[in-house]
Amino acid sequence: WAVLLAGALMGAGDVIAQQLVEQRGLRGHHCPRTLKMMGIGFCFVGPVVGSWYRILDWLIPGNTKVVAVKKVILDQGGFAPCFLGCFLAVTGATNGLSVQENWSKIAHTSFSFQDYVDALVTNYCIWPPVQIANFYFVPLQHRLAVVQCVAIVWNCYLSWKANRM
């Protein structure tokens with residue numbers, strides 16, 4: 001059910017991005033974009049993040065404060081930069097970019113690289129405190145759901161950022 005929640009909340013984040021941030025209005029709402037973001041949530045975000053939490057629990061078992069900090073360091077230092085790059089690539093692919101066009105946009109243009117850096121810095125402002133609480137207080141089976149509930153604002157930001165590229 002957490003994967004279904006991830007897809008639904010990715011879609012909700014896109015709706016918020018289009019309506020509140022971009023102010024498209026109901027007639028200007030791009031429904032295929034919302035459906036794509038939901039698909040990314042169902043097929044990519046939910047399964048990848050859910051699997052990552054299981055791997056992280058296997059690598060660093062326990063739920064003490066020290067363990068939570070270790071998990072956040074690994075999560076934010078290793079997983080977050082890779083995941084964000086993959087998310088932008090998946091979004092580019094769903095928007096019709098070829099692998100070569102996608103790579104060129106992400107790796108070789110200063111605008112896209114700056115977007116990646118901006119998104120990563122924003123990630124570091126939001127996620128470390130959320131993840132400390134998540135890894136310390138929340139049982140493994142509920143972590144993806146907790147993160148996705150907190151992530152509604154993050155999903156809005158990612159949708160806006162990814163669809164500007």
Side-chain angles (χ1 to χ4, degrees), residues 1-21 33-95 99 102-103 106-107 112 115-163 165:
W1 75 271
V3 170
L4 294 176
L5 182 63
L9 291 176
M10 286 294 295
D14 181 69
V15 169
I16 293 167
Q18 288 192 54
Q19 296 306 313
L20 296 180
V21 177
R33 177 177 136 182
T34 300
L35 292 173
K36 286 177 192 177
M37 293 304 290
M38 288 177 73
I40 291 169
F42 291 135
C43 300
F44 176 70
V45 174
V48 169
V49 174
S51 296
W52 168 243
Y53 288 154
R54 286 189 297 280
I55 291 167
L56 198 54
D57 244 33
W58 176 77
L59 289 172
I60 309 170
N63 64 341
T64 66
K65 289 177 187 173
V66 171
V67 166
V69 169
K70 287 179 182 179
K71 286 179 181 180
V72 169
I73 290 168
L74 192 54
D75 180 61
Q76 294 299 303
F79 179 76
C82 296
F83 178 80
L84 184 57
C86 290
F87 173 83
L88 294 174
V90 166
T91 304
T94 63
N95 286 331
V99 172
N102 217 346
W103 175 252
I106 291 170
S112 294
D115 274 348
Y116 172 81
V117 170
D118 291 347
L120 193 58
V121 168
T122 302
N123 170 82
Y124 290 144
C125 292
I126 295 170
W127 288 109
V130 170
Q131 291 294 55
I132 286 277
N134 199 27
F135 294 137
Y136 185 61
F137 295 113
V138 180
L140 174 62
Q141 67 269 22
H142 300 299
R143 287 184 189 151
L144 177 60
V146 167
V147 164
Q148 285 303 309
C149 288
V150 173
I152 191 117
V153 173
W154 178 245
N155 295 340
C156 171
Y157 171 78
L158 278 182
S159 177
W160 170 76
K161 182 64 87 175
N163 286 288
M165 293 176 62

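Residues: numbered from 1 along the sequence shown.
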Could you list the donor-acceptor pairs under 3.5 angstrom formed between side-chain atoms of residues 4-17 and any protein atom two or more places apart in sequence or on another chain?
residue	atom	partner	partner atom	Å
Asp14	OD1	Arg33	NE	2.6
Asp14	OD1	Arg33	NH2	3.1
Asp14	OD1	Ser159	OG	2.4
Asp14	OD2	Gln18	NE2	2.6
Asp14	OD2	Thr34	N	3.2
Asp14	OD2	Thr34	OG1	2.5

Which value, rounded to the nearest 0.5 Å, describes the distance between [X] atom [atom1] and [Y] atom [atom2]?
X: Ile40; Y: Thr94; atom1: CD1; atom2: OG1; value: 4.0 Å
X: Gln131; Y: Arg143; atom1: CD; atom2: CZ; value: 9.0 Å
X: Leu59; Y: Leu74; atom1: CG; atom2: CG; value: 6.5 Å
X: Met37; Y: Thr91; atom1: CE; atom2: OG1; value: 5.0 Å
X: Trp52; Y: Lys71; atom1: CH2; atom2: NZ; value: 10.5 Å
X: Asn134; Y: Leu140; atom1: CG; atom2: CG; value: 9.5 Å

| message | If you apply the rule side-chain contact (heavy atoms from CB on, under 4.5 Å), what do you find for Val147 with Tyr53, and how did you get there? | response | CA-CA 11 Å; Val147 164; Tyr53 288 154; 3.1 Å; yes
| task | Apply side-chain contact (heavy atoms from CB on, under 4.5 Å) to the pair Phe87 and Val48, showing each step before the final yes or no. | result | CA-CA 10 Å; Phe87 173 83; Val48 169; over 6 Å; no
| request: Give a yes or no answer on whether the side chain of Tyr124 reaches the backbone of Gln76 with a donor-acceptor pair at less than 3.5 Å. | output: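 Yes.
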| task | May I ask you to decide if the ring planes of Trp154 and Trp127 are parallel, tilted or perpendicular, using 30° and 60° as cut-offs? | result | perpendicular
Using every non-hydrogen atom in the two residues, find where [X] and [Y] come nearest and quote the distance to one decimal.
X: Leu84; Y: Leu120; value: CD2-N, 3.5 Å
X: Cys156; Y: Val21; value: SG-CG2, 3.8 Å
X: Gly77; Y: Pro81; value: O-CG, 3.7 Å
X: Asn123; Y: Pro128; value: O-CD, 3.6 Å

| Within a strict 4.5 Å, meaning less than it, do heavy atoms of the Leu56 and Phe135 side chains meet? |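 Touching, per the 4.5 Å side-chain cut-off.
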| task | Report the C-alpha distance between Ile126 and Tyr157 in whole Å, list the side-chain angles of each, state the deciding distance to 0.1 Å, and finish with yes or no for side-chain contact (heavy atoms from CB on, under 4.5 Å). | result | CA-CA 12 Å; Ile126 295 170; Tyr157 171 78; over 6 Å; no
| Looking at Phe83 versus Phe44, is the centre-to-centre ring distance below 6.0 Å? | yes
